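Beneath this line is the structure, given in structure tokens, with notes to follow.
Order of listing sets the numbers, starting from 1, for every ligand and every atom in it. Owing to the predicted nature of the structure, the values given are computational and were not obtained by experimental measurement.
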Amino acid sequence: MENQGRNGKRLVPGPFQGHLTPMLQLATVLKSKGFSITIAHTQFNSPDSSAHPDFTFLCIPDGLSEEEVRNPDLIGIVLRLNVNCESSFRECLNQGTNHMESGDKICCIIYDAVVYFSEAIARDLKIPSIALHTSNAATTIVRPILLQLKAQGHIPVPDSMLQVPVPLHQPLRFKDLPLSNFGSLDYFLEGIVLMYNIRSSSAIIFNTIHCLEEPPLAQLHQRYQVPIFPIGPLHKLAPTSDVSLLQEDTGCITWLDKQTHNSVIYVSLGSIAHLNQDQLSEMAWGLANSKEPFLWVIRPGSILGSEWIDSMDEGFKECVKDRGCIVKWAPQKKVLAHDAVGGFWSHCGWNSTLESICEGVPMICQPCFGDQKVNARYLTHEWKVGLELEGEIERGTVERAVRTLMKEKEGEEMRQRVLDLKHKVEVSIGDGGYSSHYLSELVELLTSL
Ligand code: UDX
């Protein structure tokens with residue numbers, strides 16, 4: 001707050017759920033430290049300002065057409081936003097600064113690395129800037145080498161190389177490289193160059209934790225000449241922050257209340273991934289045949305060729321009516337913290353990964369694209385708290401994986417390991433822990449700007 005001598009921060013989130021979430025959580029944390037906050041967001045996927053009465057919201061005209069918004073070409077949208085928003089954001093800031101008293105001056109722009117246009121404007125206006133990476137440190141280490149690998153002819157990855165370890169980047173194999181499923185490879189690599197070049201930024205914030213990523217964080221400290229702040233998990237530092245773009249169905253908590261301890265497998269593939277009708281059917285029958293209770297989030301529009309679950313087999317619905325609950329969007333953090341939830345079948349988005357670890361819930365890992373593949377490999381082969389679901393989704397494999405996680409010794413061992421990790425994370429955010437230490441350093445830096 002200005003009267004405490006801590007001047008304004010402009011925070012520019014990336015316009016997708018997995019990006020808005022950590023930025024709004026960071027905003028909540030900084031607000032609690034006395035900083036005044038303005039969230040400068042695109043029209044596309046704009047956050048609900050009424051859920052955050054303590055922040056000022058500034059909408060940046062983004063010039064996206066209805067067609068572009070409907071189009072699932074995420075890389076195209078990101079590149080376009082970065083071109084379209086540059087002048088409109090500059091204008092917003094100029095108008096804003098003209099009306100400000102000197103005490104309200106913007107002292108820093110914290111921007112999601114995917115909306116790198118913010119850095120260019122901050123540099124021109126001589127405002128310090130800090131980048132926030134919403135994926136983990138391991139992804140940030142490996143993404144820039146994709147260009148080299150492409151130049152060496154290894155990308156697109158030929159089938160013969162899929163299982164080959166990436167030199168110097170263990171435990172990753174070529175199939176785990178964080179490539180996108182969207183748009184053209186050249187566009188994607190163009191985006192990588194722009195996102196991972198921090199240019200004039202004074203520091204980088206990561207929603208990660210020292211105990212999970214010590215070696216990649218050490219490499220990042222060497223690569224970048226600016227301070228690195230791994231202050232995660234942000235959702236634990238800002239547990240009250242309401243960040244959902246979609247309406248949460250809280251009825252599933254009432255349903256969970258009726259289930260027994262650790263009996264339910266929670267299934268969700270995040271905010272972006274899509275399934276085709278065959279994948280939906282194989283997932284459904286794998287769950288049904290496992291005979292385990294499940295809570296499944298199916299986002300409207302996420303099944304190619306149907307609005308929601310209208311195309312689902314009536315036989316399946318009948319078979320699982322007493323032990324399955326399907327919702328459009330769940331209060332995921334509450335679900336994972338619920339006593340009845342014993343496993344999480346996930347796409348391994350970084351937020352979901354952190355949320356699961358923080359509640360001590362072991363996972364079935366079905367990464368769909370990008371950093372999810374890196375996260376899945378770390379979950380299964382580094383932290384050993386997840387089972388890998390390899391290849392095409394097939395009901396027999398699904399059934400076996402669900403049973404292994406929920407009922408067998410291997411699943412129980414993963415549960416023990418993830419509970420150990422949960423404890424380490426709690427230590428990290430407690431007094432004297434690494435995340436607390438880095439957060440204090442970040443606050444010190446922000447205060448000095
Ligand atoms: C993608 C990437 O994969 C991720 O790693 C990147 O950092 C951001 O973009 P996304 O599909 O959004 O992610 O997944 P994830 O990062 O897991 O974020 C999803 C968020 O939505 C989580 O915070 C989760 O709690 C929330 N969610 C999901 C709900 O609140 N309810 C649901 O029903 C499903």
Side-chain angles (χ1 to χ4, degrees), residues 13-26 45 47-48 51 72 74-75 77-78 112-115 132-140 142-143 176 178-182 191 195 205-208 232-236 238-239 241-253 256 266-275 294-302 308 325-338 341 344-359 361 363 365-379 386:
F16 306 103
Q17 181 72 68
H19 291 255
L20 280 165
T21 297
M23 186 62 96
L24 289 171
Q25 290 161 345
L26 174 64
N45 274 345
D48 175 11
L74 295 192
I75 304 299
I77 286 194
V78 166
D112 187 316
V114 302
V115 284
L132 167 72
H133 278 275
T134 62
S135 46
N136 63 1
T139 299
T140 308
V142 83
R143 272 237 161 99
D176 307 313
L179 288 159
S180 159
N181 284 5
F182 304 101
M195 268 176 242
I205 301 172
F206 280 89
N207 185 18
T208 191
L234 285 165
H235 73 282
K236 284 288 173 190
S241 191
D242 180 2
V243 289
S244 203
L245 283 172
L246 298 174
Q247 174 85 37
E248 293 170 345
D249 182 340
T250 49
C252 62
I253 300 291
L256 283 174
Y266 169 58
V267 187
S268 165
L269 300 184
S271 68
I272 300 171
H274 290 81
L275 293 173
F294 64 86
L295 166 60
W296 188 359
V297 174
I298 303 184
R299 255 179 22 252
S302 66
W308 191 44
C325 174
I326 301 181
V327 294
K328 293 180 174 168
W329 192 250
Q332 179 164 302
K333 289 185 279 297
K334 284 197 189 120
V335 166
L336 289 168
H338 198 286
V341 172
F344 182 11
W345 176 1
S346 170
H347 69 310
C348 307
W350 186 236
N351 294 290
S352 295
T353 299
L354 289 177
E355 290 161 14
S356 205
I357 289 175
C358 287
E359 299 308 334
V361 178
M363 294 165 83
C365 302
Q366 186 194 324
C368 303
F369 56 83
D371 63 330
Q372 300 162 13
K373 296 191 273 179
V374 175
N375 305 338
R377 185 65 175 168
Y378 271 75
L379 282 160

Could you give me the CA-CA distance, side-chain angles and deciding distance for Asn136 and Asn375, then say whether side-chain hydrogen bond (donor to acceptor under 3.5 Å, both in side chains) is met? CA-CA 8 Å; Asn136 63 1; Asn375 305 338; 3.1 Å; yes

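Val335 has its side chain out of reach of Phe344: every pair of non-hydrogen atoms, C-beta onward, lies at least 4.5 Å apart. Side-chain contact between Phe16 and Thr134 is absent, with no heavy atoms from C-beta onward closer than 4.5 Å. Within the 4.5 Å cutoff, the side chain of Tyr378 has no heavy atoms near those of the Thr353 side chain.
Residue-ligand proximity, Gly18 to ligand 1, at heavy-atom distances under 4.0 Å covers atoms 8 (C), 12 (O), 18 (O). Atom numbering of ligand 1 starts at 1 in the shown order; those under 4.0 Å from a heavy atom of Gln372 are 2 (C), 3 (O). Distances below 4.0 Å separate heavy atoms of Thr134 from the following atoms of ligand 1: 7 (O). Within ligand 1, counting atoms from 1 as listed, the ones closer than 4.0 Å to a heavy atom of Gln17 are 21 (O). Taking a cut-off of under 4.0 Å to the non-hydrogen atoms of Val297, the atoms of ligand 1 that pass are 33 (O). Below 4.0 Å from some heavy atom of Trp350 lie the following atoms of ligand 1, by number and element: 4 (C), 5 (O), 16 (O). Close approach of ligand 1 to His19 (heavy-atom distance below 4.0 Å) involves ligand atoms 8 (C), 9 (O).
Cys365 and Gly386 get closest at one heavy-atom pair: SG-CA, 4.1 Å. Counting all heavy atoms, side chain and backbone alike, His19 lies closest to Gly14 at CB-O, 3.4 Å. Nearest approach of Gly18 to Ser271, heavy atoms of both residues: N-OG, 4.1 Å.
Protein heavy atom closest to atom 17 (O) of ligand 1, with residue, atom name and distance, is Ser352 OG, 2.5 Å. Residue, atom and distance of the protein heavy atom nearest to atom 16 (O) of ligand 1 are Asn351 ND2, 2.8 Å. In terms of protein heavy atoms, atom 14 (O) of ligand 1 is closest to His347 NE2, 2.8 Å. Annotation: atom 33 (O) of ligand 1 to nearest protein heavy atom, Ala330 N, 2.8 Å. When only non-hydrogen protein atoms are considered, atom 1 (C) of ligand 1 lies nearest to Ile272 CD1, 4.1 Å.
Selection from Lys328, Glu355, Lys373 by nearest heavy atom to atom 25 (O) of ligand 1 gives Glu355. Considering each of Gly349, Ala273, Ser271, the one bringing a non-hydrogen atom nearest atom 11 (O) of ligand 1 is Ser271.
Interatomic distance, CD of Gln366 versus CD of Gln372, reported as 10.0 Å (0.5 Å rounding). Taken from CH2 in Trp345 to OG in Ser268, the straight-line distance is 11.5 Å, to the nearest 0.5 Å. Note that CD of Gln332 is 5.0 Å distant from CD of Glu355, once rounded to the nearest 0.5 Å. Taken from NE2 in His133 to CE in Met195, the straight-line distance is 9.5 Å, to the nearest 0.5 Å.
Judged by the shortest distance from any of its heavy atoms, Trp329 lies inside the 4.0 Å radius around the atoms of ligand 1. Using a non-hydrogen distance threshold of 4.0 Å, Ser268 registers as a contact of ligand 1.
Considering backbone and side-chain atoms together, Glu248 places no N or O closer than 3.5 Å to any N or O of ligand 1. Checking only distances, Thr21 never comes within under 3.5 Å of ligand 1, N or O to N or O. Annotation: Cys348 places no N or O atom under 3.5 Å from an N or O atom of ligand 1; distance criterion only.
Looking at Ile272, Val114, Asn181 one by one, the single match for side chain to side chain contact (heavy atoms under 4.5 Å, CB included) with Leu74 turns out to be Ile272.
When heavy-atom distances to ligand 1 are checked against a 4.0 Å cut-off, Tyr266 comes that close only through its side chain, counted from C-beta outward. Neither the backbone nor the side chain of Arg299 has a heavy atom within less than 4.0 Å of ligand 1. By the criterion of a heavy-atom distance under 4.0 Å, the side chain of Asp371, and not its backbone, is placed next to ligand 1.
The closest side-chain donor-acceptor pair between Gln25 and Thr21, if any, does not fall under 3.5 angstrom.
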